Amino acid sequence: MKRSHFLLHLFILLAFSSLSVLIHLISKPKPIPYPSLQNPNVRFLHPPLKVYVANLPRSFNYGLLSDFYFLSGHDNRLGTNPDANCFSSFFDRLFKTYLSVPPYPKNPLIKPHAAEYWLLKHLERNKNPRGATAVRVRNLDEADVVFVPFFASLSAEMELGWGSKGKFRKKNVEKNGDYGRQREVVDRIKASAAWRRSGGRDHVFVMSDPVAMWHVRSEIAPAILLVEDFGGWYQTDMSATPSGDACNSTYIIQHTEASLLKDVIVPYNHLIPRLHISQNQPRHTLLYFKGAKHRHRGGSIREKLWKLLEKEPGVKMEEGSLNATGLEEAKRGMRDAEFCLHPAGDTPTSCRLFDAIASLCIPVIVSDQIELPFEGVLDYTEFAVFISVKNALTPNWLIEHLRGFSEEKKERFRLNLAGVQSYFEYDGGNAVGQIWEMIYQKLPMIRQGLVADRRKLDARDLKPVTCLCT
């Protein structure tokens with residue numbers, strides 16, 4: 001009898017304890033991802049974008065990749081060739097580069113600009129329009145846009161890495177292979193029926209590298225340009241500024257070829273492997289940065305931040321290169337840090353931001369001129385910290401601000417980072433689909449411009465849309 005009473009009391013005690021734990025788990029507030037991040041496919045409720053691929057020889061895309069893999073020597077900026085051992089033999093290289101679709105280079109100066117590769121590959125392998133964001137059409141009259149299949153970023157980087165910077169700047173077909181390719185692509189495209197039909201308004205050029213299509217940008221200005229930021233679209237004369245401060249917009253020479261109204265900001269292809277939220281470990285560093293201390297234009301802020309932060313407890317500021325050792329160090333540093341510093345460089349953004357997202361390291365963005373991919377679909381304030389240059393350069397302000405984040409808020413940010421990682425994945429993620437979606441949203445403006453052009457006396461003299469007119 002006593003034994004049965006004991007078992008009954010034990011059962012009641014265990015049941016009560018289990019109920020208490022369950023109530024605690026249910027009632028405990030948990031971070032919830034930003035609503036628009038939960039199901040990226042629900043927004044694609046319209047027919048797929050119909051894309052006509054312009055007729056260019058293979059030598060401007062996959063053939064150019066083949067030529068890359070047969071370059072001799074090292075990338076003169078790295079002192080090595082990270083892609084030298086991609087193939088097991090000469091015949092393996094020959095087959096995979098000339099008889100099939102070659103892989104995009106692993107070279108860390110080229111890989112971040114892989115958007116051109118994945119967009120074309122998506123069009124060629126996507127045969128099923130059901131659920132697709134974009135489909136290739138063979139009839140120009142059916143097309144919404146015309147995609148120009150030129151690997152402009154690869155072309156520029158091949159000239160910079162295996163040619164010379166001095167020759168890159170010159171419009172010399174014989175000495176500058178990239179300029180020769182730019183010139184031929186533009187001449188072919190502008191002579192086509194598709195360009196004559198629209199003046200280029202419905203054409204899509206992928207120009208993710210800041211120096212892609214450097215010499216011919218004004219000629220393709222009416223088109224939709226896919227860029228990583230607008231940093232390559234202005235020049236700053238450092239000697240003209242009283243204090244040498246390149247962030248002073250008074251001294252920025254604004255170009256008229258690019259605009260958020262007609263163009264699309266695309267993400268860099270990150271270099272550091274993606275860390276899944278289930279793999280996240282406790283982090284021991286407050287703030288981490290690895291990169292060049294000295295940069296030009298808006299990147300002059302780096303040296304100032306370095307002096308302020310390098311001796312702060314919990315902060316790691318490391319100089320390093322893009323070789324294999326440097327990337328491994330950056331991976332360890334980002335995965336061990338709560339926050340990752342992202343100051344402007346030669347351009348307002350860099351691959352470092354997307355490496356931080358892939359590493360679940362909360363980005364701290366100090367770049368007043370930055371433009372971000374998919375903004376509007378994504379609310380970056382839900383997973384990144386934005387600091388003005390003025391506040392960042394105020395002694396002690398930045399570190400005290402970051403130390404003020406509660407563990408709950410950092411957990412919320414990190415969970416939201418996990419929710420957006422796929423937006424910045426080109427291979428198997430949502431980056432390609434989201435880029436097509438952003439282009440789709442430009443269609444009403446394109447159609448409006450084309451209709452308006454029909455009533456103009458000289459519809460060929462088209463100007464790019466660079467402002468909202470009232």
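In this text, all values refer to a predicted model and were calculated from it rather than measured experimentally.
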Are any side-chain N or O atoms of Arg335 and backbone N or O atoms of Asn280, one a donor and one an acceptor, separated by less than 3.5 Å?
no
Can you check whether Val146's main-chain N or O pairs, donor with acceptor, with Asp202's side chain at less than 3.5 Å?
no
Are any of the side-chain heavy atoms of Leu49 and Leu443 separated by less than 4.5 Å?
yes
Please round to the nearest 0.5 Å and tell me the distance separating atom OH of Tyr380 and atom CD1 of Ile370.
8.5 Å
On a heavy-atom basis, which atom in Pro102 and which in Tyr117 lie closest, and how many Å separate them?
O-OH, 2.8 Å
So, taking the atom named CG in Leu287 and the one named CZ in Arg403, what distance separates them when rounded to the nearest 0.5 Å?
10.0 Å
Examine distances only and state if a side-chain atom of Asn76 and a backbone atom of Gly161 form a donor-acceptor pair shorter than 3.5 Å.
yes
Would you sort out whether Val227 and Ile265 count as a side chain to side chain contact (heavy atoms under 4.5 Å, CB included), showing the intermediate values?
CA-CA 5 Å; Val227 298; Ile265 303 294; 3.9 Å; yes
Could you state the interatomic distance from CG (Leu309) to CG (Leu398), rounded to the nearest 0.5 Å?
5.5 Å
Residues, nucleotides or ligands: over 12 heavy atoms within 6.0 Å of Lys50 NZ
no
Under a 4.5 Å cut-off applied to non-hydrogen side-chain atoms, are Glu319 and Trp306 in contact?
yes
Straight-line distance of Met334 CE to Leu341 CG, nearest 0.5 Å
9.5 Å
Ring geometry between His401 and Phe405 (parallel below 30°, tilted from 30 to 60°, perpendicular above 60°)
perpendicular
Does Val186 offer a backbone N or O that forms a donor-acceptor pair with the side chain of Glu219 under 3.5 Å?
no
Donor-acceptor check, side chain of Arg352 to backbone of Lys290, threshold 3.5 angstrom: yes or no?
yes
Donor-acceptor contact present, side-chain Thr133 to main-chain Glu437, <3.5 Å:
no
Any heavy-atom pair between the side chains of Ser367 and Phe386 that's under 4.5 Å?
no
For the residue pair Glu116 / Tyr104, report whether a side-chain donor-acceptor contact shorter than 3.5 Å exists.
yes
Does the side chain of Lys262 reach to within under 4.5 Å of the side chain of Leu225, using non-hydrogen atoms?
yes
Charged N to carboxylate O under 4.0 angstrom, Glu411 versus Arg414?
no
To the nearest 0.5 Å, how far apart are CZ in Phe354 and CG in Asn269?
10.5 Å
If you compare all heavy atoms of Gln421 against all heavy atoms of Leu360, which two are closest, and at what distance to 0.1 Å?
NE2-CD2, 3.5 Å
Heavy atoms, side chains only, cut-off 4.5 Å: are Asn396 and Glu312 in contact?
yes
Take Asn81 and His74 through the side chain to side chain contact (heavy atoms under 4.5 Å, CB included) test and state the conclusion after the steps.
CA-CA 5 Å; Asn81 184 358; His74 296 157; 4.0 Å; yes
Check: Arg274 side chain, Ile357 main-chain N or O, donor-acceptor pair, under 3.5 Å
no
Shortest non-hydrogen contact from Val148 toward Ala54:
CA-CB, 4.4 Å
So do the side chains of Met213 and Gln182 get within less than 4.5 Å of each other, counting heavy atoms only?
yes
Within-4.5 Å side-chain heavy-atom neighbours: Phe230 and Leu260:
yes
The residue among His284, Gln281, Arg283 that forms side chain to side chain donor-acceptor pair (under 3.5 Å) with Asp336 is His284
Under the salt bridge (charged side-chain N to carboxylate O under 4.0 Å, His left out) rule, what do Lys410 and Glu407 come out as? Steps first, then yes or no, please.
CA-CA 5 Å; Lys410 287 185 287 188; Glu407 291 300 321; 3.0 Å; yes
Nearest heavy atoms of Pro373 and Phe424, plus distance in Å
CG-CE2, 4.1 Å
Quick check: closest heavy atoms across Ile272 and Asp355, and the distance to 0.1 Å?
N-OD1, 3.0 Å
So, does Arg136 use its side chain to make a donor-acceptor pair with the main chain of Val53 at under 3.5 Å?
no
Donor-acceptor pair, distance only, cut-off 3.5 Å: does the side chain of Asp178 make one with the backbone of Glu159?
no
Nearest heavy-atom approach of Asn61 to Phe151 is O-CD1, 3.3 Å
Could you tell me the separation between the CG atom of Asp209 and the OG atom of Ser155, rounded to the nearest 0.5 Å?
10.0 Å
Check whether any side-chain heavy atom of Pro363 lies under 4.5 Å from a side-chain heavy atom of Phe413, and answer yes or no.
no
Is there a side chain to side chain contact (heavy atoms under 4.5 Å, CB included) between Leu64 and Arg181 once you walk through the steps?
CA-CA 10 Å; Leu64 191 60; Arg181 289 185 288 267; 3.8 Å; yes
Is a side-chain N or O of Asp83 found less than 3.5 angstrom from the main chain of Lys106, in a donor-acceptor match?
yes
Note: Lys111-Glu157 ion pair, threshold 4.0 Å (strictly below):
no
Could you check whether Glu328 pairs with Lys331 (Lys NZ or Arg NE/NH1/NH2 to Asp/Glu carboxylate O, under 4.0 Å)?
yes
Please step through side chain to side chain contact (heavy atoms under 4.5 Å, CB included) for the pair Ile189 and Phe150, ending with a clear verdict.
CA-CA 11 Å; Ile189 293 299; Phe150 175 40; over 6 Å; no
